[in-house]
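Working notes, beginning with the structure itself.
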2 protein chains.
Amino acid sequence: MENKKNPTLYDVAQKANVSITTVSNVLNNKNEASQKTIDRVNEAIRQLGYSRNESARTLKVGTSKLVGLIVPDNNPFFTQILTGIHEECQNHDWQVVVATSEESEKRQNEVIEMLSARQVSGIILASVTSKLYVPEKLQKVPIVLIDREVENANLPVVKANNVEGSYKATETLIQNGHRRIGIILASPGISTTLQRKEGYIQALKRYGIEVDEKLMFYGGDYTGTKTQINGGYQAVMKMIQLPEPPTAIFATNHLLMIGAVKALKEANLKIPDEISFIGFDDHPWQEITDPPFSIISQPAVEMGRQAIQALQKFKEKNIVTTTVLQLELITRNSYRSIT
Amino acid sequence: MENKKNPTLYDVAQKANVSITTVSNVLNNKNEASQKTIDRVNEAIRQLGYSRNESARTLKVGTSKLVGLIVPDNNPFFTQILTGIHEECQNHDWQVVVATSEESEKRQNEVIEMLSARQVSGIILASVTSKLYVPEKLQKVPIVLIDREVENANLPVVKANNVEGSYKATETLIQNGHRRIGIILASPGISTTLQRKEGYIQALKRYGIEVDEKLMFYGGDYTGTKTQINGGYQAVMKMIQLPEPPTAIFATNHLLMIGAVKALKEANLKIPDEISFIGFDDHPWQEITDPPFSIISQPAVEMGRQAIQALQKFKEKNIVTTTVLQLELITRNSYRSIT
DNA sequence: CTGAAAGCGCTTACAG
DNA sequence: CTGAAAGCGCTTACAG
């Protein structure tokens with residue numbers, strides 16, 4: 001690679017015949033220079049093709065224009081969150097460094113530390129743990145929790161109303177006459193799982209239906225695409241061999257849903273004629289399947305946007321906000337009434 | 001937020017009773033200290049919870065442990081690339097800042113400049129333009145092209161063999177007796193589109209089939225998920241109204257494919273009985289559709305990995321590599337023989 | 001409205 | 001094997 005040195009503030013100052021203080025001032029729109037000076041400086045910047053060394057700025061002011069996003073993996077849901085974060089970050093001239101924790105607490109802590117060592121403006125975290133142990137020395141970097149809550153931290157949260165979303169799905173199935181409803185849940189260690197389970201149970205109780213543990217399945221640990229798809233698959237395979245199998249199934253995330261449908265196909269159980277089905281997370285392909293799937297849809301992009309806004313409030317005014325976004329049931333054609 | 005100051009090299013040096021030079025040396029594994037000193041320093045680091053200020057390091061050495069990834073949008077293909085990049089970056093202790101160009105050349109240049117101002121180790125770029133204009137001042141930051149080539153730059157490239165992949169799909173349809181094969185292409189401005197078109201034409205010529213411009217469609221500009229899905233949709237709608245409609249369709253990316261299938265469903269044309277179909281990019285859901293889709297599969301994760309390796313070779317040895325990965329036809333059940 | 005100077009926290013010749 | 005010192009490129013009181 002070439003190695004011509006970048007022009008610095010000094011070069012600009014020299015060219016514009018001012019001090020570096022002045023150059024810095026116009027660079028930061030401090031409005032402390034005459035228009036004539038400003039013009040002269042800008043012209044020098046243009047001519048030299050100067051751009052500010054961000055590391056030097058960060059070192060001096062103690063915070064970079066970087067925000068960290070830590071997600072368990074790169075699944076489509078988190079990718080949509082990233083899109084929302086990107087949108088919102090443009091307003092702040094922030095850039096985002098994305099890291100995966102791979103569902104490992106150790107890795108998550110490492111990554112938090114690395115980001116902190118970069119003086120990021122903040123971290124948006126979808127935590128792998130339901131308790132967050134943030135070492136004291138990292139308390140300085142503002143963290144906003146996204147999607148998943150943690151118990152022991154007084155941090156801003158942006159999350160979906162999982163209880164209600166799950167309630168809605170379950171209730172809809174009940175209102176269609178289903179009384180044995182199987183639910184496939186993700187890893188029991190995270191808040192979203194607990195809440196989706198809660199909504200399911202609330203709906204059953206509300207309609208006087210006995211909660212049957214045998215109808216509740218966990219799709220195994222949350223570790224990668226294939227594992228989860230397989231988790232959904234196995235859950236259905238077990239479910240349909242029950243003495244009293246369910247007439248409807250609710251899969252509480254996108255990958256579990258794919259696995260579940262796969263199993264139903266193999267078992268040759270037709271949706272919705274022989275079994276009703278509701279999935280999770282909307283994706284374009286769900287419109288083109290046979291049948292098109294009904295799902296609980298999450299406003300993932302909006303969650304990303306809100307997270308950055310929450311971060312900003314946290315940083316600037318030290319306000320800890322909790323943002324709860326609504327989940328929507330999109331009805332297509334994967335469940336039917338059996339009354 | 002709290003504001004307790006972070007411990008610095010000085011604090012560590014003081015605690016360990018050595019100079020900061022020595023601390024820096026053990027931090028960088030320079031192996032210039034006695035074991036006793038090393039232990040003492042490490043103990044001090046542990047006790048203080050010290051972690052190095054990366055901005056200061058970057059300012060001094062001129063390059064950060066950051067690599068930039070610039071993609072047109074956050075679609076699943078690029079997300080898989082990100083996964084590969086993440087995997088490989090862990091070996092180098094690099095982190096990755098992800099930025100989207102939103103298919104805008106202006107934005108792409110801005111982003112390159114911002115990353116450069118951060119002293120990134122390198123940039124992995126899926127360029128929006130087929131010609132890359134990189135201002136002179138940015139020549140210092142090593143760029144590796146991914147997926148999409150550009151004409152006028154002598155940069156490392158990691159790409160798929162699009163010509164061959166497209167040839168394979170087309171040939172397979174021909175061998176199944178199809179002679180009127182519709183192709184749906186993405187934006188004409190990018191190399192992948194040109195190459196996929198080229199493979200299609202080569203296959204037709206090889207089998208003595210006339211190339212009919214009326215069977216070649218562009219899914220509109222490459223601008224966002226909905227636009228592209230709609231592009232695929234429109235293409236099929238026009239195609240099937242042709243006096244001599246195709247008996248097979250090849251959609252050359254994932255979103256175009258979804259739109260195309262949507263249109264075929266609406267038109268009530270059954271795949272594969274009434275029309276044969278091959279799509280692009282493998283995703284788990286494609287196994288659970290009716291029928292399961294045959295597609296050309298891209299090794300996206302591997303592309304990400306290779307890009308980082310290419311970057312490394314470029315930086316360390318100044319070697320400009322071109323890595324071409326093979327595309328695979330995965331046959332499920334979406335085309336049939338009409339001979 | 002403008003400038004001289006200190007200092008952010010590191011790394012790296014250089015000297016011993 | 002270890003340390004004193006310069007300097008990376010900025011920002012920011014402070015003085016005028």
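All values below come from the heavy atoms of this structure, side chains included, with hydrogens, waters and symmetry mates left out. Every chain is numbered from 1, with letters handed out A, B, ... down the list of sequences. Here the structure is a predicted model, which means the values were calculated and not measured.
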Nucleotide nearest [X] when distance is taken to its side chain, options [options]:
| X | options | value |
| --- | --- | --- |
| A/R52 | D/dG7, D/dT11, C/dG3 | D/dT11 |
| A/L59 | D/dT11, C/dG3, C/dC8 | C/dC8 |
| A/V18 | D/dA6, D/dC10, C/dG3 | C/dG3 |
| A/T21 | C/dT11, D/dA13, C/dG9 | D/dA13 |

Most 5' of B/N17 and A/Y10 on DNA chain D, judged by nearest nucleotide: B/N17

Could you run through DNA chain C and flag its stems, i.e. three or more consecutive Watson-Crick or G-U pairs with both distances under 3.5 Å? C:1-3 with D:14-16, C:5-12 with D:5-12, C:14-16 with D:1-3

Side chains of [X] and [Y], donor plus acceptor under 3.5 Å:
| X | Y | result |
| --- | --- | --- |
| A/Q90 | B/E102 | yes |
| B/N109 | B/E113 | no |
| B/E302 | B/Q80 | no |
| B/E54 | B/S64 | no |
| A/R57 | A/N28 | no |
| B/N74 | A/T83 | yes |

Rounded to the Å, how far apart are [X] [atom1] and [N] [atom2]?
| X | N | atom1 | atom2 | value |
| --- | --- | --- | --- | --- |
| A/N28 | D/dG9 | CG | P | 17 Å |
| A/D39 | C/dT2 | CG | C1' | 16 Å |
| A/L9 | C/dA5 | CG | P | 17 Å |
| B/N53 | C/dT11 | CG | C1' | 13 Å |
| A/Q119 | C/dG9 | CD | P | 9 Å |
| A/N6 | D/dG9 | CG | P | 8 Å |
| A/I38 | C/dC1 | CD1 | P | 9 Å |
| A/I20 | C/dA5 | CD1 | P | 11 Å |

Looking at A/K60 and C/dG7, is any side-chain donor or acceptor paired with a base atom of the opposite kind under 3.5 Å? yes

If you apply the rule side chain to side chain donor-acceptor pair (under 3.5 Å), what do you find for A/Q119 with A/T63, and how did you get there? CA-CA 5 Å; A/Q119 285 79 45; A/T63 155; over 6 Å; no

Would you tell me if any nitrogen or oxygen in the side chain of [X] comes within less than 4.0 Å of OP1 or OP2 on [N]?
| X | N | value |
| --- | --- | --- |
| A/S19 | C/dG3 | yes |
| A/Y50 | D/dC10 | yes |
| B/T37 | D/dT2 | yes |
| A/N25 | C/dT2 | no |

Check every strand shown and say whether B/L27 touches a base, only sugar-phosphate, or nothing at a heavy-atom separation below 4.0 Å. nothing

Using a heavy-atom cut-off of 4.0 Å across all strands, would you classify B/S24 as base, sugar-phosphate, or nothing? base

Interatomic distance, NZ@A/K65 vs NE2@A/H92, rounded to 0.5 Å, equals 11.5 Å

